[in-house]
Amino acid sequence: MKPPEATRGDHQGTGDLPPAVSVCLEVLRKRADFLAANRGQRCGTKAFLLQARHRKDDTDSIRVGFTCSKKVGNAVARNRAKRRLREIVRLVLPKHGQAGWDYVLIGRAEVTAARDFAQMQDDLRWALEKLHGASSA
RNA sequence: GCGGAUGGCUGGACGGUCGCACCUCUUCGGGGGUGAGGAAAGUCCGGACUCCAUGGAGCAACGGCGCCGGGUAAUCCCCGGCCAGGGCAACCUGAGGGAAAGCGCCACAGAGAACAGACUACCGCCCCUAGGGGUGGAAAAGGUGAAAAGGUGGGGUAAGAGCCCACCGCUUUGGUGGCAACAUCAAUGGCACGGCAAGCCCCGCCGGGAGCAAAACCAAAUAGGGACCGCGCGGGCGCAAGCCCGGGGCCGCUUCAGCCCCAGCAGGUCCGGGUUGGUUGCACGAGCGUUUUGGUAACAAGACGCCCAGAUGAAUGGCCGUCCAAGCAGGGCAACCUGCGGGACAAAAUCCGGCUUACAGGCCAUCCGCAAGG
């Protein structure tokens, strides 16, 4: 009854990815991609933790992954958290993300499912500006 | 009307706007269809299906089950019945075979706890003699305990006792009813037989193992194995042809049948295994709905209609509006009005049949008790 939920034991978490997003976005499916993103830059917000990594390969697509471990709650709570994260990514990332980067959003217990939706979008914009501002500086 | 018992249903609705998975149509712009649960859960039973084990028979071991009958693919499940316990009742609960095969265990308390025993108390006799001691009888009364050797009443006696009698219980035998568990009636014996088998055990029945990450196929890249050919090949006897004797393996043992192996390699030809992706398995099934017939029922048979999720870092959603109902506050005798507010448990992962557990609120049916009315 449970999805792979992947290697939960370590703190990588493995996101569950919904191929949701629009055309220019791709979804991370490989465990290795998640591990690589985990070693990249990161920025926490109230509703989630954002990890980002510049792939430095020839492709210029934006890729995203989502991680909601069992700490977030039961299956129903995890699914809801992932869907909300997926939705703010769909609305925000095409405009504010940078090509050639991988992003991973990690859900938090309680907050990810309950925070005001508009505020979550602002959170993501703020986190993206902070990361890319720091990397360019 | 109040209280209660049982069974079942439902578990937000509608709309707007972005979006997801699969299928499908397409003029490649896009359009259409379908898309979580009663528990999808726990993974506790039973099956289908797949692979592994060479097949048959017997035995042993291990595990499970356990009133009787029926249902089913099957079950530890379901239905009906029996017995025991609880409740005024509807109804509920019950690992419910065997303790006159054996072993073992019954703590504390108590005189005594398992082929009984005698502390207080009772009675007779004897002795010192307010009272007590000795001896014998007896096991009813008190006390202890979860449990004390049939119960109640009467007779009887020095006092007592199934010692005798009646009823109840029990043993044994028989009759009757029932497929059976069992019930009931009669006779019989004066009563001999404590509990625990979720202790060992005995009896009866059932059971091969692993599981869709099973398994099959395709494509890549990569280190290492097997078969056949050739040289050659177990022991003994023999000049030789040949004859005799084998050993080991095939999930425990025995047996029968069958199969395989029994030195090595510088070569030649061919085949298989693991990893990562992909495809299949993978959704037409012990299927669902309606209905008829048989059956007390579980269920079975028939007719008609229907196609109903197939993901894999894993779709079935985000936001907003109106309404519905739980809750809170205010107003009103009340119906109700206004505002706030928030939506039970829990999400498919090969598929079925069950069990168990979780669950806000709402609804329906049948039945029982009490009260009132006709």
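To find a chain, count down the sequence lines: A is the first, B the second, and so on, and within it residues start at 1.
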Rounded distance (Å) that lies between atom [atom2] of [N] and atom [atom1] of [X]:
X        : N      : atom1 : atom2 : answer
A/Lys82  : B/C20  : NZ    : C1'   : 13 Å
A/Glu87  : B/U316 : CD    : P     : 10 Å
A/Arg86  : B/C18  : CZ    : C1'   : 15 Å
A/Met120 : B/C319 : CE    : P     : 9 Å
A/Arg78  : B/G317 : CZ    : P     : 17 Å
A/Gln119 : B/C319 : CD    : P     : 13 Å
A/Asn79  : B/A348 : CG    : C1'   : 11 Å

Would A/Arg84 and A/Glu87 count as a salt bridge (Lys or Arg N to Asp or Glu O under 4.0 Å) here? Give the steps. CA-CA 5 Å; A/Arg84 300 189 96 225; A/Glu87 195 63 17; over 6 Å; no
Can you work out whether A/Arg80 or A/Arg83 has the more 5'-proximal nearest nucleotide on RNA chain B? A/Arg80
Taking syn as a glycosidic torsion within 90° of 0 and anything else as anti, which one is [N]?
N     : value
B/G29 : syn
B/A36 : syn
B/G38 : syn
B/C14 : anti

Within the distance-only criterion (no hydrogens, no angle test), does the side chain of A/Arg108 pair as donor or acceptor with the backbone N or O of A/Thr45 below 3.5 angstrom? yes
Say you pick atom [atom1] in [N] and the same atom in [M]; how far apart are they, in whole Å?
N      : M      : atom1 : answer
B/U366 : B/U93  : P     : 23 Å
B/C368 : B/A348 : P     : 46 Å
B/C45  : B/G327 : P     : 44 Å
B/G4   : B/C91  : C1'   : 10 Å
B/G369 : B/C88  : P     : 13 Å
B/G225 : B/G273 : C1'   : 8 Å
B/C352 : B/A74  : C1'   : 12 Å

Minimum-distance pair of heavy atoms, taken over all atoms of [X] and [Y]:
X        : Y       : value
A/Met120 : A/Phe48 : O-CE2, 4.1 Å
A/Leu131 : A/Ala52 : CD1-CB, 3.8 Å
A/Ala127 : A/Leu50 : CB-CD2, 3.8 Å
A/Tyr103 : A/Gln98 : OH-N, 3.0 Å

Under 3.5 Å for both donor-acceptor distances, Watson-Crick or wobble: does [N] have a partner, and if so which one?
N      : value
B/A149 : none
B/U34  : B/A21
B/A365 : B/U6

B/C319, OP1 or OP2 - any side-chain N/O from A/Arg84 closer than 4.0 Å? yes
Among B/A36, B/C18, B/G318, which nucleotide sits nearest the side chain of A/Arg90? B/C18
